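Remarks on the structure that follows.
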Amino acid sequence: MSKLVIVGTVAFDAIETPFGKTDKILGGAATYIGLAASHFNIDAAAVSVVGGDFPQAYLDLLSNKNIDVSGVEIVKEGKTFFWSGRYHNDMNSRDTLATELNTLADFNPVVPENYKDAEVVMLGNLHPIVQSSVLDQMTTKPKLVILDTMNFWMDCALDDLLNVIKRIDVITINDEEARQLTGEYSLVVAAKKIHEMGPKYVVIKKGEHGALLFHNENVFYAPALPLKEVFDPTGAGDTFAGGFAGYIAKTNDTSFENMKNAVIYGSTLASFCVEKFGTERMQNLSNEEVHKRLLQFKQLTQFDIELT
Ligand code: AMP
């Protein structure tokens, strides 16, 4: 079993979907990643920043899930990162209404001393310079570095993003962002171009249409579980990444074959995330529920065909 470092935003989100609207609720990439990774019974620590306005109860929520929050800096006089988004009727696309960096604007991350030798590093969505700085602090080379990002950083910090992408092993990115990053419509060509930027493994998330894992000429595809109800897709990508990273840390195996299972775990956890607003579903998700859905996933994708 490996240690996992999680970097990303811990945030307030305000979300609008065709089913309703929330005020400021708990959100952030590191929050969703942590909640997903907590299902693997591993040593995991979050590195992030919040303001004095952030309720201690939210940090306790992560600690109670066994996520070490000693690396989450609290800037008493500052305000927490705030993001607001509105989903379109198809629930697959959204508009960002506000991104207020607040304390994130001059955040210097500090990796807890006992996590500087972590085998797996999950660089969740936040400024690419912060992501790089976390890698600089690792005293031993991690076995696997996974990075997630979004269009916001491509728009405002592309060079920094390209610099950190050179240093990682796996990128998880959604289809629209892969196209933006490469200027290619075909996801196969986009994945090839991203390989050339650095990462040996490219995971392209396609929302309700599943996820693709590319490694050289190998491709693996996992569908998303067809769900009766989707209330709020916020955090599904981060939850996927947390499931992926958590599974790799738990199994300590970075082979392509094992990454396929990591994709399945990520997809399974993400399928829960979208069932309620914000982090609500992930807060109370049991390992039994996850196990049951993994079995459903297996049934959905398994077939026996005789080929002559
Ligand atoms: P996802 O739906 O997986 O893309 O992640 C949504 C989460 O990402 C929300 O909880 C937001 O707080 C967070 N988020 C939104 N924009 C950014 C950004 N520019 N940098 C870091 N985190 C962000």
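In listed order, ligands and their atoms are each counted from 1. Just so it is clear, the values below take in all heavy atoms, side chains as well, and ignore hydrogens, waters and symmetry mates. Everything quoted here is computed from the prediction, not taken from an experiment.
- Each of Asp175, Asp148, Asp238 was compared with Lys205 under the salt bridge (charged side-chain N to carboxylate O under 4.0 Å, His left out) criterion, and only Asp148 meets it.
- A donor and an acceptor atom, one from each side chain of Ser38 and Asn66, are nowhere located under 3.5 Å apart.
- Assignment of Phe12 to the shell around ligand 1 is not supported, since no heavy atom sits closer than 4.0 Å.
- Residue contacts with ligand 1, taken as heavy atom pairs separated by less than 4.0 Å, involve Met150 solely via side-chain atoms from C-beta onward.
- For ligand 1, the polar-atom distance check against Gly235 finds a nitrogen or oxygen pair separated by under 3.5 Å.
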Check against side-chain contact (heavy atoms from CB on, under 4.5 Å), Thr234 and Phe277:
CA-CA 8 Å; Thr234 308; Phe277 270 101; over 6 Å; no
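- A heavy-atom separation below 4.0 Å is found between Phe81 and ligand 1.
- Within ligand 1, the atoms closer than 4.0 Å to a non-hydrogen atom of Tyr32 are 10 (O), numbered from 1 in the order shown.
- Close contacts of ligand 1 with Gly237, meaning ligand atoms under 4.0 Å from a residue heavy atom, involve 3 (O).
- Taking every heavy atom of Phe152 and a limit of under 4.0 angstrom, the matching atoms of ligand 1 come to 19 (N).
- Of the charged side-chain nitrogens involved, none lies within less than 4.0 Å of a carboxylate oxygen, so that Glu100 and Lys24 do not count as a salt-bridged pair.
- None of Met138, Lys3, Gln137 except one satisfies the side chain to side chain contact (heavy atoms under 4.5 Å, CB included) rule with Tyr115; the exception is Lys3.
- Ranking protein heavy atoms by distance to atom 12 (O) of ligand 1, first place goes to Asp13 OD1, 2.6 Å.
- The backbone N or O of Lys79 lies less than 3.5 Å from no partner atom in the side chain of Asp53, so there is not a single donor-acceptor pair.
- At a heavy-atom cutoff of 4.0 Å, ligand 1 is contacted by no atom of Lys205, backbone or side chain.
- Under a 4.0 angstrom heavy-atom cut-off, Trp153 registers as being in contact with ligand 1.
- For atom 21 (C) of ligand 1, the closest non-hydrogen atom of the protein is Asn125 O, 3.1 Å.
- Against a heavy-atom cut-off of under 4.0 Å, Ala11 is close to the following atoms of ligand 1: 12 (O).
- Using a 4.0 Å cut-off between charged side-chain N and carboxylate O, Lys192 and Glu196 make a salt bridge.
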Please test Arg281 against Asp232 for salt bridge (Lys or Arg N to Asp or Glu O under 4.0 Å), starting from the C-alpha separation and ending with a verdict.
CA-CA 10 Å; Arg281 186 67 176 98; Asp232 171 19; over 6 Å; no
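- Taking atom 13 (C) of ligand 1 as the reference point, the nearest protein heavy-atom neighbour is Thr9 OG1, 4.0 Å.
- Within a 6.0 Å radius of CD in Glu73, more than 12 heavy atoms belonging to other residues, nucleotides or ligands are found.
- Annotation: Gly28 places an N or O atom under 3.5 Å from an N or O atom of ligand 1; distance criterion only.
- Within a 6.0 Å radius of CG in Asn41, other residues, nucleotides and ligands contribute 12 heavy atoms or fewer.
- The environment of CG in Asn89 is sparse: at most 12 heavy-atom neighbours from other residues, nucleotides or ligands sit within 6.0 Å.
- Residue contacts with ligand 1, taken as heavy atom pairs separated by less than 4.0 Å, involve Asp238 via backbone and side-chain atoms alike.
- Per-residue contacts place Gly27 under 4.0 angstrom from the following atoms of ligand 1 (heavy atoms of the residue considered): 10 (O).
- Using a 4.0 angstrom heavy-atom cutoff, Arg94 counts as in contact with ligand 1.
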